[in-house]
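The structure presented is a predicted model; accordingly, all values stated were derived computationally and were not measured. Numbers here are sequence positions counted from 1.
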Amino acid sequence: MTVKPKARSSTPRTDKPVTLKLLAEYLNLSPATVSIVLNNSPVATSIPSATKQRIHAAAKRFNYRPNLHARMLRSRITNTIGVIVPELSEGYVTGVMLGVEQYLLQEGFLSFTVSHLGQPDLREEYQELLMRRRVDGLLLINTDFSAKIHLPVVGISTHTKAAGVTNIVLDHLAAARMALRHLYELGHRRIAFMKGQRYSLDSEVRWKAIVGIANEIGIEVHPELCIFLEENIWTPQLGYPPVCDLLARTQDFTALFCFNDTAAIGAIRAIQDAGLSCPRDISVIGFDDIIVAEYLNPRLTTVRQPLHKMGWAAAQLLIRRINAPDESYPQDLSFDPELIVRESTIRISRTSQPRSTRSKR
């Protein structure tokens, strides 16, 4: 881009808001060039980095603030997105949201975040509400998608094939393989399994992966050792009562693969309250690698989802689609899990071998 030289203006006064025109005159650049850089327009890539650095430095020095209302009227972009989540307790969602918020902050976007608490009517209502507030796009985390949405949509763990949606997903087959291979190599064969609640969109995909990989490596999935979560809660209470019930029926297993870390925390407490030890009697493996997993007693072995990276990538894709709606975009973007081995899983010992005497009659 060629910029015509101008006579350099005097330093803008700081006792009143600095306009784009005054900033451009001070920099001896055209207002268009300054606007392109400060608005991070796609054509800004054609402007030399030294020029962009000058513009950003001057904007910071004079505390320049763009007229967002005028920009919205010109571009019809509000620089806001809607985020719909199941809940906002510590765990999976907050790990994802940290990545989302950090990217939005970098790009100058704001978000309206609402939680539907697993209630279908709220999911529909919130989608309509956010669209009426003229958000530029929607980011859905583990939330069903309505076909009535006519905005750019990025979903994390939505598992939808609806047109216009970009899915951020985890490789659940790889996750199940590394978790079950870990337990298998430690000698565990009698393993209890936990399937997530029906409203959680990862539940079915993860369960099918677990069953498939178990068959692949020779681990039998015993119906009497399967826990099917139903409660619409997000605290360790999610795992505590079901594991108490399981232990009251039978203790004829040496390992438990939980749906997520939050349920695993409740499960470990249930094992301890039953007079057993984790991991000496029963090894426990979680899923997600939430912040507290490393600080439990015992420290939790888990399958790590790159939650921050998934949130960052989702926000990045959504903003890209808002700013360049005619560009192509992927239908799916898959992330790899990682097995984090800590203290809650150990090699099976003679004392932890499953025995009929451990069954409750």
Side-chain angles (χ1 to χ4, degrees), residues 89-92 176 179-197 203 206-207 210-211 214 218-304 339-361:
S89 63
E90 192 279 327
Y92 165 83
L180 293 182
R181 179 64 65 183
H182 171 67
L183 293 176
Y184 189 91
E185 291 174 352
L186 292 176
H188 298 281
R189 298 297 183 270
R190 292 278 297 180
I191 300 172
F193 295 94
M194 188 183 288
K195 182 181 179 182
Q197 307 100 310
S203 295
R206 191 174 303 167
W207 183 251
I210 288 171
V211 172
I219 295 175
E220 185 175 354
V221 179
H222 299 277
E224 70 273 16
L225 297 180
C226 293
I227 296 171
F228 299 96
L229 301 177
E230 296 291 342
E231 292 294 323
N232 191 15
I233 54 178
W234 301 275
T235 70
Q237 184 74 7
L238 179 65
Y240 183 81
V243 175
C244 286
D245 292 343
L246 175 64
L247 291 170
R249 298 194 307 272
T250 181
Q251 296 174 9
D252 189 19
F253 59 99
T254 63
L256 170 62
F257 188 5
C258 293
F259 175 64
N260 58 27
D261 291 346
T262 302
I265 294 170
I268 290 173
R269 183 67 192 190
I271 290 168
Q272 294 168 341
D273 285 355
L276 301 173
S277 169
C278 172
R280 189 182 68 245
D281 296 308
I282 299 174
S283 289
V284 173
I285 185 167
F287 207 105
D288 289 336
D289 195 27
I290 63 177
I291 294 173
V292 300
E294 188 176 359
Y295 301 96
L296 298 174
N297 184 19
R299 293 180 173 89
L300 185 63
T301 295
T302 186
V303 178
R304 173 182 289 167
L339 180 66
I340 306 298
V341 179
R342 298 193 179 104
E343 299 170 347
S344 66
T345 53
I346 59 171
R347 184 169 298 280
I348 197 170
S349 64
R350 181 168 297 181
T351 58
S352 61
Q353 288 284 350
R355 305 187 300 272
S356 59
T357 56
R358 292 178 62 188
S359 297
K360 301 288 187 181
R361 301 187 184 276

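- The shortest heavy-atom contact between Ile346 and Glu343 is CG2-O, 4.3 Å.
- Rounded to the nearest 0.5 angstrom, Arg181 CZ and Tyr184 OH are separated by 7.0 Å.
- Scanning all heavy atoms of the two residues, the minimum distance from Arg299 to Arg342 falls at O-CB, 3.4 Å.
- Residues Glu185 and Arg347 share a closest heavy-atom pair of O-NH1, 2.9 Å.
- Between atom CD1 of residue Ile265 and atom OG1 of residue Thr235 there is a gap of 9.5 Å, rounded to the nearest 0.5 Å.
- In this structure a side-chain-to-backbone donor-acceptor pair under 3.5 Å is missing from Arg190 to Phe253.
- The line from CG of Leu296 to CD1 of Ile290 is 7.5 Å long, rounded to the nearest 0.5 Å.
- Looking at Arg189, its side chain never comes within 3.5 Å of a backbone N or O of Ile219 through a donor-acceptor pair.
- The CZ atom of Phe257 sits 7.5 Å away from the CG atom of Leu183 when rounded to the nearest 0.5 Å.
- The closest side-chain heavy-atom distance from Ile268 to Pro298 is below 4.5 Å.
- When the options Asp261, Asp289, Thr345 are evaluated for a side-chain hydrogen bond (donor to acceptor under 3.5 Å, both in side chains) with Thr302, the one that passes is Asp261.
- Taking every heavy atom of both residues into account, Gly286 and Ala264 meet most closely at CA-CB, 4.1 Å.
- Phe259 and Ser203 make their closest contact through CZ-OG, 3.6 Å (heavy atoms, listed as atom of the first residue, atom of the second, distance).
- Here the side chain of Ser344 pairs a donor or acceptor atom with the backbone of Thr301 at under 3.5 angstrom.
- No side-chain heavy atom of Cys244 sits under 4.5 Å from any side-chain heavy atom of Asp273.
- Rounding to the nearest 0.5 angstrom, the gap separating the CG atom in Leu225 from the CZ atom in Arg249 is 8.5 Å.
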Practice prompt. List the steps, then state whether side chain to side chain contact (heavy atoms under 4.5 Å, CB included) holds for Ile210 with Val221.
Written response: CA-CA 9 Å; Ile210 288 171; Val221 179; 5.5 Å; no
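- We find the CG-CD distance between Leu276 and Gln251 to be 4.5 Å, quoted to the nearest 0.5 Å.
- Contact of the Asp245 side chain with the Ile227 side chain is not registered, since no non-hydrogen atoms from C-beta on lie closer than 4.5 Å.
- Contact annotation: the side chain of Phe228 never approaches that of Gln197 to less than 4.5 Å [non-hydrogen atoms, C-beta and beyond].
- What you find for Trp234 and Ser89 is that their closest heavy atoms are CB-OG, 3.4 Å.
- Side chain of Arg206 to backbone of Ala176: no donor-acceptor contact under 3.5 angstrom is found.
- Heavy atoms from other residues, nucleotides or ligands lying under 6.0 Å from CZ of Arg269 number 12 at most.
- Other residues, nucleotides and ligands contribute only 12 or fewer heavy atoms inside 6.0 Å of the CD atom of Glu231.
- For the pair Pro242 and Met194, the minimum side-chain heavy-atom distance is 4.5 Å or more.
- In this structure, Trp207 and Phe193 have perpendicular ring planes: the angle between them is above 60°, well past the 30° mark.
- Here the side chains of Ile271 and Leu247 are in contact, with some heavy-atom distance below 4.5 Å.
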